[in-house]
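Quick caveat: nothing in here was measured; it's all calculated off a predicted structure. Side chains included, hydrogens not; waters and symmetry mates left out as well; all remaining heavy atoms used. So you know, we letter chains A, B, ... as the sequences are listed, proteins then strands, and number each from 1.
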Amino acid sequence: MQKKYQALHGTRDILPPESSLWQYIEAKVREVMRIYNYREIRFPIFEHTELFQRGIGESTDIVTKEMYTFKDLGGRSLTLRPEGTAPVVRAYIQHSLAKKAPVNKLYYLGPMFRQERPQKGRMRQFHQFAAELLGTLDPAADVEMIDLNLEVYRRLGLKNLKLYLNSVGCPKCRPQHRQKLLAFAKDKLPELCSDCNLRYTRNPLRMFDCKVETCQIILKEAPVMLDSLCHECREHFERVKQNLEYLEIDFELDDHMVRGLDYYTKTAFEIRSEELGAQDSLSGGGRYDLLVSDLGGEETPAIGFAAGTDRLIVAIESQKISYPSDEKIDIFIAPVGEEAKKTAMKLLFSLRRKGHSCEIDYLDRSLKAQMREANRLGAKKVIIVGERELEEGVYEVKDMQTGEQVRMPQAELKV
RNA sequence: GUGGGUGUAGCUCAGUCGGUUAGAGCACCAGGUUGUGGCCCUGGGGGCCGUGGGUUCAAUUCCCAUCACCCACCCCA
């Protein structure tokens, strides 16, 4: 028996009419990006594996177990992009964008790839829209990034969102906090779960992520990053908060929020939907002031965010938000008989050249069936051309909304 | 990697305490109008009941395996 091919685990086809929703969202994203003066960057789907190892961090989950890595014919190790920030920074350095302008504002949208166990709102090929702002340490940039992200959701009419804010510090203050945290947890290790014991040695901050209730209770008392920020980080964080308050953007502090990527510094934020279930994080972002230099460029402060489009789709569908559908056509041409088909084809092509979206019957169906098809397609007008019309040199033009039908000389056709 | 759930028509799902031709709604096609849509009525096409094996006179139904998908853990967008 012939094997039935199907899309790979964690990938899926986006069919009409869902594809119109995707187009709609992408159009909104581009619209907002333009308003905020971000310009599109398109970078490759795959890069040197090393770029992601260095950029994202060797010990992160993404790098250790989630990347689609393969060798090309030349034996080089390549990886399908699991995120966009590292490639953008690579391009930023490669093309010396810093020399062309002091501040660079870039956006992108497209598929990313991570080999995880798929579930609702988490595909292996998933989609993001994202922005990066490179070249400034100004807290106003942090706020702009958050507002930009929110504005996309606002324009889509998304409700029940919550903005969470944290600061993950910098290499100056992080080690101090780490010491305090380790000291705190040391004698509590027997009470903590096995995962947390592992996190304790590998990445103690991650213990905050633990979902086990007893761990949560214990870690409630644990020293948090926010209390250990160095002067510079504290100052920065205060000004970000002030600006948000001043601009009346609601947020909630989440001092347990940790970023999964190593390059984050200072501001970290996340936008969650309250009705999305387990995968409730719609987007996340933050500062990465050291990534550019880590990847070999001049030290350049930067901030960015990435939003999951697949999850956005889930949220939009669950909130039953309406969106314009592009499925309706202007004119359906219904020929009756073989001779009429020729005239109809000619008419079809000329109308299309004038920019009308038109359709014609390809199955030589009865007029009744053609009318039904026209109705299904949402045609505003139907032009009927049969033997009778050919003889008289006219078209029957029917308005599908009103049901009115008029005959018009072919030369004077107006639609 | 761990746990739970589900596989029956294109879609959403009934059903078979093991027994003749396996159902509904939606969708599709046709007719009711020999050249006119939506609503309505009538009819029709479409299923190796996920796959393989076992038990049985008999399996879509029970058992086992397997695959696929979904949800959750984990992690994140």
Side-chain angles (χ1 to χ4, degrees), chain A residues 1 3-12 15 56 60-66 81-85 109-130 149 193-196 198-199 203 206 209-212 257-261 264 268-273 276-286 304-315 332 334-337 340 361 363 365-390 396-405 407:
Chain A
M1 200 178 27
K3 181 182 176 181
K4 247 192 183 174
Y5 292 106
Q6 52 181 326
L8 285 163
H9 200 41
T11 70
R12 71 189 194 94
L15 307 171
I56 299 169
T60 58
D61 284 324
I62 294 179
V63 169
T64 55
K65 53 188 191 198
E66 293 174 1
R81 60 189 194 190
E83 58 102 49
T85 303
L109 42 94
M112 304 291 166
F113 307 84
R114 291 182 201 173
Q115 202 162 171
E116 297 175 273
R117 200 69 169 259
Q119 83 190 245
K120 196 180 179 69
R122 189 177 73 183
M123 293 279 116
R124 287 179 168 179
Q125 173 172 339
F126 62 107
H127 301 78
Q128 291 188 328
F129 59 90
N149 190 174
C193 71
S194 58
D195 279 341
C196 279
L198 205 71
R199 294 184 181 108
N203 190 349
R206 289 230 154 272
D209 272 349
C210 189
K211 297 286 194 295
V212 179
M257 181 171 69
V258 185
R259 304 273 67 191
L261 297 77
Y264 282 106
F269 67 91
E270 208 167 299
I271 297 169
R272 294 175 208 148
S273 165
L276 223 50
Q279 308 298 323
D280 67 343
S281 176
L282 273 180
S283 51
F305 83 89
T309 312
D310 309 73
R311 284 179 193 183
L312 178 55
I313 297 271
V314 174
F332 188 90
V336 184
D361 173 59
L363 300 171
R365 283 181 285 189
S366 68
L367 183 58
K368 183 192 174 99
Q370 294 194 58
M371 292 304 289
R372 195 163 44 230
E373 180 69 8
N375 187 63
R376 207 187 343 252
L377 294 172
K380 295 184 197 81
K381 297 266 173 68
V382 173
I383 299 175
I384 301 164
V385 39
E387 310 295 318
R388 300 208 291 255
E389 287 75 20
L390 284 184
E396 291 280 353
V397 179
K398 179 164 187 171
D399 184 307
M400 293 297 274
Q401 268 103 67
T402 64
E404 267 175 63
Q405 186 168 320
R407 40 185 29 208

Which heavy atom of [X] sits nearest to which heavy atom of [Y], and what is that distance?
X: A:K380; Y: A:Q401; answer: CA-NE2, 4.0 Å
X: A:E83; Y: A:Q128; answer: CA-OE1, 4.5 Å
X: A:E389; Y: A:V385; answer: OE1-C, 3.9 Å

TODO: Select base, sugar-phosphate, or nothing to describe what A:A374 touches, counting heavy atoms under 4.0 Å on all strands.
DONE: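 No contact at all - A:A374 keeps every heavy atom at 4.0 Å or more from the nucleic acid.
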- [ ] Using a 4.0 Å heavy-atom cut-off across all strands, classify A:R12 as base, sugar-phosphate, or nothing.
- [x]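 Since no nucleic acid heavy atom lies under 4.0 Å of A:R12, the category is nothing.
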Task: Separation between the C1' atoms of B:G50 and B:G35, rounded to whole Å - done: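 Looking at atom C1' only, B:G50 and B:G35 are 47 Å apart.
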Task: Sequence-aligned protein contact record of nucleotides 34-42 of chain B, with B where the base is within under 4.0 Å of a protein heavy atom and S where only the sugar-phosphate is - done: -BBBB----
Report all interatomic pairs (protein N or O, nucleotide N or O of nucleotides 2-5 of chain B) with separations under 3.5 Å.
residue : atom : partner : partner atom : Å
B:U2    : O4   : A:R117  : NH1          : 2.9

Task: Watson-Crick or G-U pairs under 3.5 Å in RNA chain B, rendered as dot-bracket with [ ] for crossing pairs and | for another strand - done: (((((((..((((.....[...)))).(((((.......))))).....(((((..]....))))))))))))....
Open item on the list: Ignoring hydrogens and geometry beyond distance, is the side chain of A:R122 in donor-acceptor contact with the base of B:A77 at under 3.5 Å?
Closed with: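 When only heavy-atom distances are counted, A:R122 does not reach the base of B:A77 through any donor-acceptor pair under 3.5 Å.
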Open item on the list: Check this for me, if you would: do A:K398 and A:E396 make a salt bridge, where the nitrogen-to-carboxylate-oxygen distance has to be below 4.0 angstrom?
Closed with: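 Salt bridge between A:K398 and A:E396, a charged N being under 4.0 Å from a carboxylate O: no.
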- [ ] May I ask you to evaluate whether A:H9 reaches the phosphate of B:C69, defined as a side-chain N or O under 4.0 Å from OP1 or OP2?
- [x]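 Looking at the OP1 and OP2 atoms of B:C69, one of them is under 4.0 Å from a side-chain N or O of A:H9.
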TODO: Taking only the side-chain heavy atoms of A:E116 (C-beta and beyond), determine which of B:C70, B:C73, B:C75 contains the nearest atom.
DONE: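 Nearest to the side chain of A:E116 among the choices is B:C75.
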